[in-house]
Amino acid sequence: MAKRAPFRLGDERIPAGERLQVEVPIGRLYTQTPLHIPVEVIHGRRPGPTLLVCGAIHGDEINGVEIARRLLRSTGLKRLRGTLLVVPIVNVFGFLHQSRYMPDRRDLNRCFPGTEKGSLAGRIAYLFRTQVLEKATHVIDLHTGASHRFNLPQIRAELRNPVTADMAEIFAAPIVINASLREGSLRACADAADVPVITYEAGEALRFDEVAINTGVRGILRVMRMLEMLPSRRRGRHRPAKRSEVASNSTWMRAETDGIMRPIAGIGHRVKEGQRLAVVADPFGRLESSVTSSVNGIVIGMNNLPMVNEGEALYHVALFDELDEAMKTMDAFRDRYKPLQGEEPMADHPWDNDLGQETNNSDS
């Protein structure tokens, strides 16, 4: 077998069978201190796909940083086929300031494909696309909910592409949302280049979440096995239980008044149309308003900040053609969650014991 050619990134050449951290220069701080986007390149001895795994395009979404760290520690990478590109932190400026945005207050994930001349965000999007993204044959983009918003582990993808659909299913997050592409996003940019891409959403900004991290690492490894970048595990005679359920739609329930929210339903709960999800009241408790579900579905996202304003999105509920089947998938997800071998959980998860269970509140 002919020796595989080196992988080129910037000015670096990574020989087959080796790995190297490459620093892609992106600019300077006010102090003239140079900033770089660090990219770990693992170039397998044998040919195969080039998978890009990237996190923190929003600088405060840090679960992806920990997912990347654990992925890079996987011993299975010694048998890698193809090339793995891991970028724990894309938005280095935002990460340094614990901010979702770039210093110019632009959302980097709305600036692709970018431009050589223009805003700072546009220039970095252009640089990341031309230096890193265009080298990938497949992409997994890691995200969390926004500040004070928690997302149940879920995949968002444009399922018209059959390879993308396969990646979304094999990842085995409990929920897959067939999400339309957003102009300016990395996902839209990759899709326009006919590169299969999925977005993994789980947890909350500026918070580590063990379930979200654990599910992310396992999901990426499953996708790598599907792409034959890693050896497949031996399967038993029985077909494994369904691991993901595709949502037919999703909708947000919003506050109808200003006040302080007391949540009733939680993440992963099954809710019914007309069921009370939360109560919003003034500090004296004289005026109260219920937040009720307008649909039958499963809570896949919620606002964790008690102080709310009228019209604020509080509960994200996913709808399913077969809700009972979706609940079975949720229960299976809860049952199979265990810490990865060799990793100590950061903390017990607040919904380990009730994930997928209906709320027992008498007002439902």
Side-chain angles (χ1 to χ4, degrees), residues 57-63 94 97-102 104-110 143-154 156 175 177-180 182-185 199 201-207 209 212 247-320 323 350-351 354-355 357-364:
I57 285 183
H58 296 133
D60 59 355
E61 297 182 358
I62 65 174
N63 273 339
H97 294 95
Q98 302 176 20
S99 170
R100 177 183 180 90
Y101 301 106
M102 297 291 296
D104 57 7
R105 296 301 299 169
R106 284 181 168 85
D107 184 337
L108 182 58
N109 205 33
R110 297 295 180 269
H143 286 260
T144 75
S147 181
H148 306 303
R149 288 186 180 176
F150 188 95
N151 279 342
L152 180 83
Q154 58 195 263
R156 298 181 185 178
I175 304 298
I177 298 178
N178 189 7
S180 58
R182 290 196 173 186
E183 184 178 355
S185 67
T199 295
E201 290 267 1
E204 179 183 352
L206 295 176
R207 298 286 187 274
D209 180 84
S248 58
N249 202 350
S250 67
T251 186
W252 278 94
M253 311 303 158
R254 298 179 180 273
E256 295 185 359
T257 186
D258 310 293
I260 300 172
M261 180 184 70
R262 305 195 309 274
I264 298 172
I267 285 288
H269 284 180
R270 177 176 181 168
V271 296
K272 301 176 182 178
E273 183 179 354
Q275 178 176 327
R276 189 156 70 156
L277 306 179
V279 175
V280 179
D282 68 271
F284 300 98
R286 297 191 183 100
L287 301 174
E288 290 195 346
S289 172
S290 294
V291 179
T292 59
S293 178
S294 62
V295 296
N296 299 323
I298 296 173
V299 176
I300 62 169
M302 64 179 292
N303 180 9
N304 286 331
L305 187 65
M307 292 76 76
V308 301
N309 294 306
E310 182 179 356
E312 193 165 344
L314 302 182
Y315 280 86
H316 194 194
V317 179
L319 290 70
F320 300 87
L323 185 53
W351 39 269
D354 68 351
L355 177 63
Q357 303 300 312
E358 290 192 43
T359 178
N360 293 321
N361 185 273
S362 60
D363 295 313
S364 63

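The model shown is predicted, which means the values in this text are computed figures rather than measured ones.
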**OP:** Just do the side-chain contact (heavy atoms from CB on, under 4.5 Å) check on Ile264 and Leu277 with the steps written out, would you?
**Re:** CA-CA 5 Å; Ile264 298 172; Leu277 306 179; 5.9 Å; no
Exercise for the section: Start with the C-alpha gap between Gln98 and Asp60, add the side-chain angles, then the distance that decides, and say whether side-chain contact (heavy atoms from CB on, under 4.5 Å) holds. Expected result: CA-CA 5 Å; Gln98 302 176 20; Asp60 59 355; 5.5 Å; no
* Test Leu314 against Val308 for side-chain contact (heavy atoms from CB on, under 4.5 Å), laying out the working first. => CA-CA 8 Å; Leu314 302 182; Val308 301; 3.6 Å; yes
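Contact record, Ala212 with Ala202: CB-CB, 3.4 Å, taken as the closest heavy-atom pair. In terms of heavy atoms, Ser250 sits closest to Leu319 at CA-CD1, 4.0 Å. Listed here is the closest heavy atom pair of Ala278 and Pro263: CB-CA, 3.9 Å. Here the shortest heavy-atom pairing between Gln154 and Leu152 reads NE2-O, 2.8 Å. Across all their heavy atoms, Leu206 and Ile62 have their closest contact at C-CD1, 3.8 Å.
With hydrogens and angles ignored, the 3.5 Å screen pairs no side-chain donor or acceptor of Asp209 with any backbone N or O of Glu204. Counting only distance, with no hydrogens or angles, the side chain of Asp282 and the backbone of Leu287 share a donor-acceptor pair below 3.5 Å. Ser289 places no side-chain N or O within donor-acceptor distance of the main-chain N or O of Val280, the cut-off being under 3.5 Å.
Within 6.0 Å of CZ on Arg110 lie more than 12 heavy atoms contributed by other residues, nucleotides or ligands. Counting heavy-atom neighbours within 6.0 Å of Arg254 CZ, excluding the residue itself, gives a total above 12.
Here OH of Tyr315 is found 9.0 Å from NE2 of His269. Values are rounded to the nearest 0.5 Å. Note: Ile177 CD1 to His316 NE2 = 5.5 Å, rounded to the nearest 0.5 Å. Atom CZ of residue Phe320 and atom CZ of residue Arg270 lie 10.5 Å apart, to the nearest 0.5 angstrom. The line from CZ of Arg149 to CD of Glu312 is 6.5 Å long, rounded to the nearest 0.5 Å. Taking OG1 of Thr292 as the start and CD of Glu256 as the end, the distance is 6.5 Å to the nearest 0.5 Å. A distance of 7.5 Å separates CZ of Arg207 from NE2 of His148, quoted to the nearest 0.5 Å.
Of the charged side-chain nitrogens involved, at least one lies within less than 4.0 Å of a carboxylate oxygen, so that Arg100 and Glu61 count as a salt-bridged pair.
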Considering only distance and modelled atom types, tabulate donor-acceptor pairs under 3.5 Å from the side chains of residues 293-301, sequence neighbours left out.
| unit_1 | atom_1 | unit_2 | atom_2 | d |
| --- | --- | --- | --- | --- |
| Ser293 | OG | Val295 | N | 3.2 |
| Ser293 | OG | Val295 | O | 2.6 |
| Asn296 | OD1 | Glu273 | N | 2.7 |

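A salt bridge (Lys or Arg N to Asp or Glu O under 4.0 Å) check over residues 283-303, counting only residues at least two apart or in different chains, returns the pairs Arg262-Glu288.
Residues meeting the salt bridge (charged side-chain N to carboxylate O under 4.0 Å, His left out) test with Glu201, sequence neighbours left out: Arg156.
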